[in-house]
Amino acid sequence: MTENSKQTMSDRYSPADVEEKVYAWWEQSGFFKAQDQSTKPPYSVILPPPNVTGFLHLGHAVDHTVQDVLVRWKRMNGFNVLWLPGTDHAGIATQAVVEKELKKENLTRHQLGREKFVARVWEWKHQYGDRIYSQMRKLGDSCDWDRAVFTLDEGVSKAVRKVFVSLYKKSQIYRGTRLVNWSGPLESAISDLEVEHRQIKGSLWHIKYQVEGTQDFLIVATTRPETLLGDSAVCVHPDDERYKHLIGKHVVLPLLGRKIPIIADTYVDPQFGSGVVKITPAHDFNDYKIGKTHQLPMINILTKKCELNENAGPYKGLKVQEARKRILEDLKTQGLLEKEEPHALSVGHCSRTGAVVEPFLSDQWFMKMDQLAVPAKRVVESGTIRFEPESWTKVYLHWMNIIEDWCISRQLWWGHQIPAWYCEDCQHITVSETDVTECETCHSKNVRQDEDVLDTWFSSALWPFSTMGWPQETETAKTFYPTSILVTGHDILFFWVARMIMMGLEFKRDVPFREVYLHGLVRDSQGRKMSKSLGNSVDPVEMIGKYGADALRFSFIAHLFSGKDFKFSEQRIEGYRNFMNKIWNGTRFALAALQDFQIPTDGLKALPNKIHLSVYDQWLIFKLGEVEKTVEESMEQHRFSDATNALYQFVWYEFCDWYIEFMKPVLNGAPSVDRENSQLVVAQTLNRIMRLLHPFVPFITEELYQKLPLHDKTCMLDQYPNPRNDREFLALGSETAALEVDLIKEVISAIRNIRGENRISPAQKINVRLVPGDGEVQKHLAHNKSAIMTLGRIENFEIGDEGNLSKCALAVINVKTAQVKVVIPLEGLVDIEEEVKRIQKLVEKLTKDIGSLSGRLNNENFVKNAAEEVVEADRQLLAQSKNQLQNLQDSLTRLR
RNA sequence: AGGGAGUUAGCUCAGUUGGUAGAGCGCCACCCUUACAAGGUGGAUGUCGCAGGUUCGAAUCCUGUACUCCCUACCA
């Protein structure tokens, strides 16, 4: 970076002039790189791989900010940090994007054929796949880019195959005909987790099924009348007196005329509806189970596109909704529709396409989950993996207890094709890590590979080790596996986190991470999920353009409390943009005052013996030490917002509003020892401020850091300040000085308060008489005379007795045991009535306080039971309050 | 239906061993005081969802209750 401290700085911080330049410099300098071998302790984080088709959205931005904060903080704490980036091939999403493109050319993927289509997707990936990476750079993500991985890279693909084959050989992966969630538009199965349930106002239709050979009807209620075409039985409760005699007989299926049996099962709730349930094993999950136990035929009535098939007789070719309409009409005509009543139900929708999900019978690959779940539960129960917030532990364990087999095959073209080959001659399935040209049993060459690909989450589940070169024993894995922490949104706890834990334990014999930090999700200002369809999504890149990446990052971190979802607010970003500007200008002022600053040749270490700092310097350093302690504790506990808030307070209020104001006369004044000292303190403090803030707001801090007279090569690799490093400097802080300055601040505030409340113009100089409570306080007042005069805009300053209070404003200040009375003559300045009002307000409040305080202290039980400090503090407060009240009442009588 | 979380100032939210409520933003008043008007100074605002209980004392612990949100499951 060029030496630019002499350059003039703009009076506004302009992120656009800084961010790209600084980032490029970091990256070119190799600051993000991790070392496979190092003497430093390792710290590793894998980035939840965003979809390769994706744009960076607000959810990513939050997720990445948290990770970048952690990673930068650890790096500055001397860790060998690996933040491993990657992207996900995102089967469905990516295929959809490219299909959309094809559509513009009036092509479908089927016309193109599988091979050409996949080639086309790769082309697309090569062209746009890095887009999200460039957006991540805008945000400041300090990933080790050289290690970026794509889920379809050769290495990862090998890992995928190895895992598949291994689990298949252990019968943990199997092929089966099962009822699965089916998305018509995708013509593919989807997993349970990809189904979104939405509340729908539907109807419950009561349909008459004629009992065979009689004129009697059974009334069957259903929310999906079209499925009756696939009925293979009707079912009643075995003890239901109404229907007992019919069990074993048959009914005639309306419209199709098929005869189906009346069976009995305790699954039926006699209280609900008519107590008779139609059983459609091929299109309903509950019915499927009943169908299995009663060995009923599974009648599939749908095609892969979710249109009715030949089993639907006259309704063949219709879409589900059309069929429903037609069937209801026909039932009505035939007098078989008893009634229709409104009924609220929730219907599964495909999270990708929004289409209604149909339970569909098909051949799929499944992963058995129950055995894998056992150790995955144990590591969480034992605390080997900790969730943060802890409440997710329960949710996780609950889910693991009811876990069902995972349908891992997808009828798509883009993804990891399933490494299974079917023999056309002997039907044997050969599952292999390498491509197969002949059947492993009959050696026929007549084999073809399974057309399906694996669920995207299959490869994601291996991410923590597949990205580190597994199955090879790499140095990377030796150093960085298990990873230190996983940061992600709670929405993919089951999709991803749980499955990584299971796979890590199965294949690495070790947890993939020890900590899971689940942050909240960003919602819009009304608390709704952000989504494209609602049109309420916010583009973080646009926000960065408007306010800068640092402001955006800070706004996330400052409001990221305990994993709760939080509402997006542009106003908040603006507020933190203002904070960035404050940092910029505070530094700008300080740098101007440091133009002639000479770095002491013997360094800082000799300082304590050499210089005597002003109370303001000692006060500032003391506060700085306190902030560093707070920040360290907060960071250790991952209470990031506590850290940012403490820094915000310190930088804006303590440093800018008070310290700079106290020191302006000195810093802008003639050369002096005080000035030299202060310059040193300012230079050091700024340096520490930049380092403290760096993980949160990396761009502005690096830029300013480079302009400081005291700095190292780069802020991002400098040591993170804490109360233990640079002790020599922090030791210059003093609590006694801090108390003195706190008292002076109170005095100045009291003067300002009297001015403000009495509407005394800032231009109006006033006189003040300060009455110290004791000799010590008197010394402090005298010592800080000029600060009080400047900041209080005082013309004549006097320390002494109370004297004549006639026509004077009065304030009584207590800081710990110190007391100061502030007396300001108002005669000829303002209307006395304003001051009367002000004092009356105080009197009122004090009277109330004294009432409750003395009430409590008169309570024997309180005095007896409460902690001694508490009682003592109350006694002191009461005495002070009484004293203040007395003074104010006196002044009231003498005011007019 | 089961599970989880929430209810504190106009808004968004803090409040870590129980000790007389805080921040940011917004609002009101005054001020362009040469670091910053993306600023400064001062000010106002809360029976901490409701009802009980434990306690000298409860936003904080316990019980009940109302409402909101999320997740999982779903009765045809």
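Numbers restart at 1 for each chain; the letters A, B, ... are given by sequence-line order, proteins then strands. What you are looking at is a predicted structure, and each value in this text was computed from that prediction instead of being measured. The figures here come from the full heavy-atom set of this structure, side chains too, leaving out hydrogens, waters and symmetry mates.
Under the Watson-Crick and G-U wobble criteria, each requiring two contacts below 3.5 Å, nucleotide B:G2 is paired to B:C71. For B:A21, there is no paired nucleotide, since no Watson-Crick or G-U wobble pair has both relevant distances below 3.5 Å. Nucleotide B:A44 has no partner under the Watson-Crick or G-U criteria, as no pair reaches both atom distances under 3.5 Å. Within the shown strands, nothing qualifies as a pairing partner of B:A37 under the Watson-Crick or G-U definition with both distances less than 3.5 Å. Pairing of B:U7, defined by two Watson-Crick or G-U wobble distances under 3.5 Å, is identified with B:A66.
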Distances for protein N or O near nucleotides 42-46 of chain B N or O, under 3.5 Å:
from	atom 1	to	atom 2	distance (Å)
B:G42	O3'	A:N753	ND2	3.1
B:G43	OP1	A:N753	ND2	2.7

Could you list the protein-to-nucleotides 10-14 of chain B atom pairs, N/O on both sides, closer than 3.5 Å?
from	atom 1	to	atom 2	distance (Å)
B:U12	OP1	A:K567	NZ	3.4
B:U12	O2'	A:R572	NH1	2.7
B:A14	OP1	A:K564	NZ	2.8
B:A14	OP2	A:K564	NZ	3.3

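Considering only the side chain of A:D849, B:U20 comes nearest among B:U20, B:A35, B:A73. Each of B:G40, B:G19, B:A37 was ranked by its minimum atom distance to the side chain of A:D657; first place goes to B:G40. Side-chain atoms of A:P762 lie closest to B:C31 of the nucleotides B:C31, B:A76, B:A37. Distances were taken from every side-chain heavy atom of A:N581 (C-beta onward) to each of B:A38, B:A76, B:U20; the shortest belongs to B:A38. Listed nucleotides B:U72, B:A76, B:A29 differ in distance to A:D269; the shortest reach to its side chain belongs to B:A76. Nearest nucleotide to the A:F494 side chain, out of B:C36, B:C30, B:C71: B:C71.
One interatomic measurement links the two molecules: CZ of A:R755 to P of B:C31, which rounds to 13 Å at whole-angstrom precision. For the pair A:H398 NE2 and B:C70 P, the computed distance is 19 Å after rounding to whole Å. When the C1' atom of B:G2 is taken as reference, atom CG of A:L397 falls 16 Å away, rounded to whole Å. Going from atom NE2 of A:H519 over to atom P of B:C70 covers 18 Å, rounded to whole Å. Separating the CD atom of A:E869 from the P atom of B:U20 is a distance of 13 Å, rounded to the nearest angstrom. Spacing between atom CD of A:E834 and atom P of B:C30 amounts to 12 Å, rounded to whole angstrom units. Here the P atom of nucleotide B:A23 and the OH atom of A:Y653 are 9 Å apart, to the nearest Å. Distance, A:N861 CG to B:C56 P: 6 Å, rounded to whole Å.
Remark: the separation of the C1' atoms in B:C62 and B:A44 is 37 Å, to the nearest Å. Distance noted for atom P between B:U60 and B:G52: 14 Å (whole Å). Between B:A35 and B:G18, the distance separating the two C1' atoms is 45 Å to the nearest Å. If you take atom P in B:C48 and the same atom in B:C11, they sit 16 Å apart, rounded to whole Å. Nucleotides B:C50 and B:A9, compared at atom P, are 11 Å apart to the nearest Å. Separation of the C1' atoms belonging to B:U17 and B:G24 is 28 Å when rounded to the nearest angstrom. Spacing of P atoms, B:C61 relative to B:A5, comes out at 12 Å, to the nearest Å. Comparing the C1' positions of B:G46 and B:U34 gives a spacing of 41 Å, expressed to the nearest Å.
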With a 3.5 Å cut-off and sequence neighbours excluded, list the donor-acceptor pairs that the side chains of residues 867-881 of chain A form with protein atoms.
from	atom 1	to	atom 2	distance (Å)
A:D874	OD2	A:R856	NH1	3.0
A:Q880	NE2	A:K816	O	2.9
A:S881	OG	A:L877	O	2.7

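Here A:K707 pairs with A:E703 in a salt bridge; the nearest charged N to carboxylate O distance falls below 4.0 Å. Salt-bridge formation is not detected for the pair A:K629/A:E632: no Lys NZ or Arg NE/NH1/NH2 atom is positioned less than 4.0 Å from an Asp or Glu carboxylate oxygen. Ion pairing of A:K278 with A:D284 is absent here, as no side-chain N (NZ or NE/NH1/NH2) approaches a carboxylate O to less than 4.0 Å. Ion pairing between A:E654 and A:K745 holds under the 4.0 Å rule for side-chain N and carboxylate O. The residues A:E844 and A:K841 are annotated as not salt-bridged, no charged nitrogen and carboxylate oxygen being separated by less than 4.0 angstrom.
Relative ring orientation between A:F554 and A:Y576 is described as tilted, the plane-to-plane angle lying within the 30° to 60° band. Using bins of under 30°, 30° to 60° and over 60° for the plane-to-plane angle, the ring pair A:W584/A:Y13 lands in the tilted bin.
Listed pair A:N286 / B:C75 meets the phosphate criterion, a side-chain N or O lying under 4.0 Å from OP1 or OP2. At B:C56, none of the side-chain N or O atoms of A:N859 fall inside 4.0 Å of OP1 or OP2 (strictly under the cut-off). Contact annotation: A:W652 reaches the phosphate of B:G40 (side-chain N/O to OP1 or OP2, under 4.0 Å). Taking side-chain N and O atoms only, A:K394 has no distance below 4.0 Å to OP1 or OP2 of B:G3.
Base contact: A:G586 has a heavy atom under 4.0 Å from a base atom. Residue A:I279 is classed as having no contact, given no heavy-atom separation below 4.0 Å to the nucleic acid. Residue contacts shown for A:Y648 are limited to sugar-phosphate atoms, with no base heavy atom under 4.0 Å away. Contacts of A:A867 with the nucleic acid, taken as non-hydrogen atoms under 4.0 Å apart, include base atoms. Within 4.0 Å of A:R577, counting heavy atoms only, lies at least one base atom of the nucleic acid. Backbone-only engagement by A:T222 is indicated by non-hydrogen atom pairs under 4.0 Å involving sugar-phosphate atoms exclusively. Within the nucleic acid shown, A:E661 comes within 4.0 Å of at least one base atom, counting heavy atoms only. In this structure, A:Q649 reaches the sugar-phosphate backbone alone: every heavy-atom distance under 4.0 Å involves primed, P, OP1 or OP2 atoms, never a base. If you check every strand for non-hydrogen atoms under 4.0 Å, A:C235 touches nothing.
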Original post:
Hey, mind stepping through A:E835 and A:R838 against salt bridge (charged side-chain N to carboxylate O under 4.0 Å, His left out) and telling me if it holds?
Top reply: CA-CA 5 Å; A:E835 177 65 8; A:R838 188 184 74 88; 2.9 Å; yes
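Both the sub-6.0 Å distance and the 45° axial angle are satisfied by A:K664 relative to the ring of A:F589.
Here the side chain of A:R523 pairs no donor or acceptor atom with the backbone of A:F566 at under 3.5 angstrom. Formation of a donor-acceptor pair under 3.5 Å by the A:S761 side chain with backbone atoms of A:A763 is found in this model. Checking side-chain atoms of A:H283 against main-chain N and O of A:P359 turns up a donor-acceptor pair under 3.5 Å. For A:R577 (side chain) and A:A551 (main-chain N/O), no donor-acceptor pair under 3.5 Å exists by modelled atom type.
If A:V268 and A:N578 are placed on RNA chain B by their nearest nucleotide, the residue sitting closer to the 5' end is A:N578. Sequence order on RNA chain B of the closest nucleotides to A:D287 and A:I660 puts A:I660 first from the 5' end.
Applying the 3.5 Å distance criterion, the base of B:C36 shares a donor-acceptor pair with the side chain of A:K582.
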